[in-house]
Participant: 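The following block contains the structure, expressed as structure tokens.
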Amino acid sequence: VSEPRRPSLPGTARHGATLPGVRLPPGTPLAEPVVRRLRDACAEVRPATAADTRDWWPLSVQWATHGLAPTAAALVVAPRSASEVAAVLAICSEAGVPVTPGAGRSGVCGGAVPVFGGVVLDLLGMAGLTSVEDADLLVDALPGTWGDDLESTLRSEHGLTAGHWPQSIAISTVGGWVACRSAGQYSTRYGKIEDLVAGLDVVLADGTLVRTGGRAPRSATGPDLTQVFVGSEGILGVITSVRLRVRPVAESERRAAWTFPSFSDGLDACRRILRRGATPAVLRLYDPAESARHLPGVEGCGLLVLDEGDPGLTSATLAVVAEECADAASLEPSAVDHWLAHRNEVPSLAALAEAGVVADTVEVAAGWSALPGLYDAACASVSALDATLAVSAHQSHAYPDGACLYFTFAGRPGPELVDAERYYRAAWDAVVGAALAAGGTIAHHHGVGINRGRYLATGPGSSPVLLAALKAALDPAGILNPGKLGLASPWGPPPWP
Ligand SMILES: Cc1cc2nc3c(=O)[nH]c(=O)nc-3n(C[C@H](O)[C@H](O)[C@H](O)COP(=O)(O)OP(=O)(O)OC[C@H]3O[C@@H](n4cnc5c(N)ncnc54)[C@H](O)[C@@H]3O)c2cc1C
């Protein structure tokens, strides 16, 4: 059995996989008899390092700069099959041991942090495609399959694509996408992950394996139980297989770009394009600051458009886009080439943290009518914080009824960790507050994890009572990913700061 590729975490090269301290309480060590049972149930059990308790949550990068891991987990358990997952969960349910699933560890909200210690369930050993049905355009993938491995296998061996291109494609997994409700850069044509998932295998907390969905399109057999687990971030069950809808690799591709005098003008063009039923795979609008950063030489608000698929459809789509952008200045399509070449580059969070800079991104969504006001309010509110160096946004995912605004903020508070934490929290509160005031959602595709837990009780669309009831029914011992999504747990309330 080959060794799985390991997660790459920001700052591990600088700070090491082992950090001297922990920021949250360290959690309770596991009793020796439980450890013995886990070793019998699963071939790979190893002590956790600090890297096993972290993900890409930027606040935890600040912590690492100060020598602190989030917390200490007792043990990493790495199953190779759904039956090993089932055996591990049954033991942990019975013994009351917290279990935190983790895979690529590219989550940016602390979702894979084992808040109360216990077991880190490392799913990277369960990887690969287990079936491909070309006629039905359905594939089954194991949860620890890296995104780029999925896409390259689909393309090179089957002429198919999932069309799911998160910026983190090379550092995230299929199971992580489903668990976090991920969005790819081509989502306007292919949909978000919730649109791509046709069914799931899930192991519940007591070790029961359930299967949702099927091999038929749509089903009127009661509520869609697949969607109960999409976005559940490991608190309701462990995903052990994902049935994905795929498409043939596109025959043709078209690129175009424009620039608008204001962000609201550009947003309105996007609205009209979607309203007419055109769904270009990429429809990405930058505000002036981000245009300057990502589109060298472009003034105003750059709009990048890319579509792929049947030539007749892409031509029709680009024709609608061109009509709705008639009043904007057109740019060379090479602006899209530039974006494609650099789209997955990320500045070094560890270097920024060491330079005293606190930075993060916040993706929210709202209806078209609310977006210009939301943009202005969030930028004004973050700019009003003393430490802020910059705040900017782009429209990254568009729908007939609204779009996602993806904000980036950076500030330089005082040198102490407490200064960084205070600023971080204030900047998040500013953007989330603007989203709530606009009637929007506080998260579009990064999920909740630890970081957004404190907002969940107030966020529109969330129903804390229903979520707590589901949790209690599916995981009565409360062992699955405790401390997340703002829910209380047998070990205490959600942490943070
Ligand atoms: C540079 C960068 C760019 C990013 N770009 C995007 C983007 O474009 N679009 C986007 O949507 N996201 C993006 N993200 C966020 C992140 O990549 C996604 O949230 C991704 O879906 C996480 O997958 P993962 O395998 O890394 O999950 P992890 O971080 O390991 O886990 C995330 C959560 O899912 C749970 N989980 C993981 N696997 C399972 C499973 N099999 N069963 C049950 N629960 C499980 C964990 O407990 C945790 O709560 C980005 C992150 C980074 C660092």
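Both ligands and their constituent atoms are indexed starting at 1 by order of listing.
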Participant: Mind checking whether R255 and V305 have side chains closer than 4.5 Å, heavy atoms only?
Facilitator: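 Of all side-chain heavy-atom pairs linking V305 with R255, none is under 4.5 Å.
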Participant: Would G184 count as a polar contact of ligand 1, with the cut-off being nitrogen or oxygen pairs under 3.5 Å?
Facilitator: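 It does not: no N or O of G184 is found under 3.5 Å from an N or O of ligand 1.
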Participant: Considering the heavy atoms of G234, write down every atom of ligand 1 situated less than 4.0 Å from one of them.
Facilitator: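 Ligand 1 atoms under the 4.0 Å threshold to G234: 43 (C), 44 (N).
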Participant: So is V202 close enough to ligand 1, meaning a heavy atom under 4.0 angstrom away?
Facilitator: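 It does not; every heavy atom stays at 4.0 Å or beyond.
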Participant: By number and element, which atoms of ligand 1 are closer than 4.0 Å to a non-hydrogen atom of A112?
Facilitator: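 Those qualifying, in numeric order: 48 (C).
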Participant: Say whether D55, considering both its backbone and side-chain N or O atoms, lies within less than 3.5 Å of an N or O atom on ligand 1.
Facilitator: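 No: no nitrogen or oxygen of D55 is under 3.5 Å from one in ligand 1.
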Participant: Among all protein heavy atoms, pick the one closest to atom 33 (C) of ligand 1 and tell me residue, atom and distance.
Facilitator: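 Closest protein heavy atom to atom 33 (C) of ligand 1: C180 SG, 3.5 Å.
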Participant: Any ion pair linking D122 and R105 (charged N to carboxylate O, less than 4.0 Å)?
Facilitator: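 Judged by the 4.0 Å cut-off on N to carboxylate O distance, R105 and D122 do not form a salt bridge.
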Participant: Would you say Y423 and F409 make side-chain contact, with heavy atoms under 4.5 Å?
Facilitator: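 Side chain of Y423 against side chain of F409, heavy atoms only: contact under 4.5 Å found.
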Participant: Decide whether the shortest distance between a heavy atom of G447 and an atom of ligand 1 is less than 4.0 Å.
Facilitator: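 G447 does not count as a contact of ligand 1 under the 4.0 Å cut-off.
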Participant: Got an N/O contact under 3.5 Å between G102 and ligand 1?
Facilitator: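 It does not: no N or O of G102 is found under 3.5 Å from an N or O of ligand 1.
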Participant: What's the verdict on salt bridge (Lys or Arg N to Asp or Glu O under 4.0 Å) for R243 and D201, showing C-alpha distance, side-chain angles and the deciding distance?
Facilitator: CA-CA 8 Å; R243 178 158 304 150; D201 286 359; over 6 Å; no
Participant: Search all heavy atoms of H66 against all heavy atoms of L417 and return the closest pair with its distance.
Facilitator: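 Looking at all heavy atoms of both residues, the closest pair is CE1-N, 3.6 Å.
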Participant: With heavy atoms under 4.0 Å as the rule, classify the contact between S182 and ligand 1 as side chain, backbone, both or neither.
Facilitator: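 Answer for S182: both.
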Participant: Which residue owns the protein heavy atom closest to atom 35 (C) of ligand 1, what's the atom, and how far is it?
Facilitator: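 For atom 35 (C) of ligand 1, the nearest protein heavy atom comes out as A179 CB, 3.7 Å.
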Participant: Any ion pair linking D287 and R293 (charged N to carboxylate O, less than 4.0 Å)?
Facilitator: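 Between D287 and R293 there is no salt bridge, as every charged N stays at least 4.0 Å from the carboxylate O atoms.
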Participant: Mind checking whether F263 and Y375 have parallel, tilted or perpendicular rings, split at 30° and 60°?
Facilitator: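 Correct class here is tilted.
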Participant: At a 4.0 Å threshold, what atoms of ligand 1 neighbour a non-hydrogen atom of S172?
Facilitator: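 Matching atoms, with element in brackets: 17 (O), 20 (C), 23 (O), 25 (O), 26 (O).
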Participant: Relative to the heavy atoms of P143, which atoms of ligand 1 are at a distance of less than 4.0 Å?
Facilitator: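 Those qualifying, in numeric order: 41 (N).
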Participant: Which residue supplies the protein heavy atom nearest to atom 29 (O) of ligand 1, what is that atom called, and how far is it?
Facilitator: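 I find the closest protein heavy atom is G107 N, 2.9 Å.
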Participant: Quick one: does ligand 1 sit under 4.0 Å from the side chain of S168, the backbone, both or neither, non-hydrogen atoms only?
Facilitator: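 Both the backbone and the side chain of S168 come within reach of ligand 1.
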Participant: Between V238 and ligand 1, does any nitrogen or oxygen pair lie at a separation below 3.5 Å?
Facilitator: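 No, V238 has no N/O under 3.5 Å of an N/O on ligand 1.
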Participant: Are the charged groups of D149 and R5 less than 4.0 angstrom apart, N to O?
Facilitator: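 Yes, charged N to carboxylate O under 4.0 Å.
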Participant: Between ligand 1 and N481, can you find any atom pair, the residue atom being a heavy atom, that is separated by under 4.0 Å?
Facilitator: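 Per 4.0 Å heavy-atom rule, N481 contacts ligand 1.
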Participant: Output the distance between atom CG (D475) and atom OG (S93), rounded to the nearest 0.5 Å.
Facilitator: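 Answer for the CG-OG pair, D475 versus S93, is 6.0 Å.
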Participant: Which protein heavy atom lies closest to atom 46 (C) of ligand 1, and at what distance to 0.1 Å?
Facilitator: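 Ranked first by proximity to atom 46 (C) of ligand 1 is P101 O, 3.1 Å.
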Participant: Determine, using heavy atoms of G237 and all atoms of ligand 1, whether some pair is separated by less than 4.0 Å.
Facilitator: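 G237: in contact with ligand 1 (<4.0 Å).
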Participant: Can you tell me which residue and heavy atom of the protein come closest to atom 16 (C) of ligand 1, and the distance to 0.1 Å?
Facilitator: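 Checking every protein heavy atom, the shortest distance to atom 16 (C) of ligand 1 gives S106 OG, 3.2 Å.
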Participant: Test H397 against Y186 for ring pair (Phe, Tyr, Trp, His ring centres under 6.0 Å), laying out the working first.
Facilitator: CA-CA 8 Å; H397 306 272; Y186 286 30; over 10 Å; no
Participant: When you measure from atom 40 (C) of ligand 1 to every protein heavy atom, which one gives the shortest distance, and what is it?
Facilitator: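 Checking every protein heavy atom, the shortest distance to atom 40 (C) of ligand 1 gives L123 CD1, 3.5 Å.
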Participant: What protein heavy atom is closest to atom 3 (C) of ligand 1, reported as residue, atom name and distance in Å?
Facilitator: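 For this ligand atom, the closest protein heavy atom is Q167 OE1, 3.2 Å.
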Participant: Below 4.5 Å, heavy atoms only, C-beta onward: do W56 and L349 meet side chain to side chain?
Facilitator: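 Yes, their side chains come closer than 4.5 Å.
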Participant: Once rounded to the nearest 0.5 Å, what's the spacing between atom NE2 of H446 and atom SG of C404?
Facilitator: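 Output value for this atom pair is 8.0 Å.
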Participant: Could you point out which residue of L196, L154, T161 forms a side chain to side chain contact (heavy atoms under 4.5 Å, CB included) with V246?
Facilitator: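 Considering L196, L154, T161, a side chain to side chain contact (heavy atoms under 4.5 Å, CB included) with V246 is found only for L154.
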Participant: Nearest protein heavy atom to atom 25 (O) of ligand 1, by residue and atom, and its distance?
Facilitator: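 Scanning the protein heavy atoms, the shortest distance from atom 25 (O) of ligand 1 goes to T173 OG1, 2.7 Å.
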Participant: Looking only at heavy atoms, is any part of T240 under 4.0 Å from ligand 1, and if so is it the side chain, the backbone, or both, or is it neither?
Facilitator: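 The answer is neither.
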Participant: Can the positive tip of R343 be found less than 6.0 Å from the middle of the six-membered ring of W339, inside 45° of the ring normal?
Facilitator: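 Yes, a cation-pi geometry.
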Participant: For ligand 1, is any non-hydrogen atom under 4.0 Å from V108's backbone (N, CA, C, O), its side chain (CB onward), both, or neither?
Facilitator: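 The part of V108 near ligand 1 is the side chain, not the backbone.
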Participant: If the contact criterion is a heavy-atom separation under 4.0 Å, does V346 count as touching ligand 1?
Facilitator: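 Contact present.
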Participant: Can you tell me which portion of R181 lies within the under-4.0 Å heavy-atom range of ligand 1? Options are side chain, backbone, both, or neither.
Facilitator: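 Neither; no heavy atom under 4.0 Å.
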Participant: Mark the output for G449 as yes if a heavy-atom distance to ligand 1 is under 4.0 Å, and as no if none is.
Facilitator: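 No, that is not the case, since the closest heavy atom of the residue is not under 4.0 Å from the ligand.
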Participant: For ligand 1, indicate whether the residue W56 contacts it via side chain, backbone, both or neither (heavy-atom separation under 4.0 Å).
Facilitator: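 W56 to ligand 1: side-chain contact only, backbone stays beyond 4.0 Å.
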Participant: Please list, in number order, the atoms of ligand 1 under 4.0 Å from a heavy atom of I171.
Facilitator: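 Numbered from 1, ligand 1 contributes 26 (O), 53 (C).
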Participant: Salt-bridged, R452 to E363, with N to O below 4.0 Å?
Facilitator: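 Between E363 and R452 there is a salt bridge, with a charged N closer than 4.0 Å to a carboxylate O.
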Participant: Are the ring centres of H342 and H294 closer than 6.0 Å?
Facilitator: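 No, they do not, as the ring centres are separated by 6.0 Å or more.
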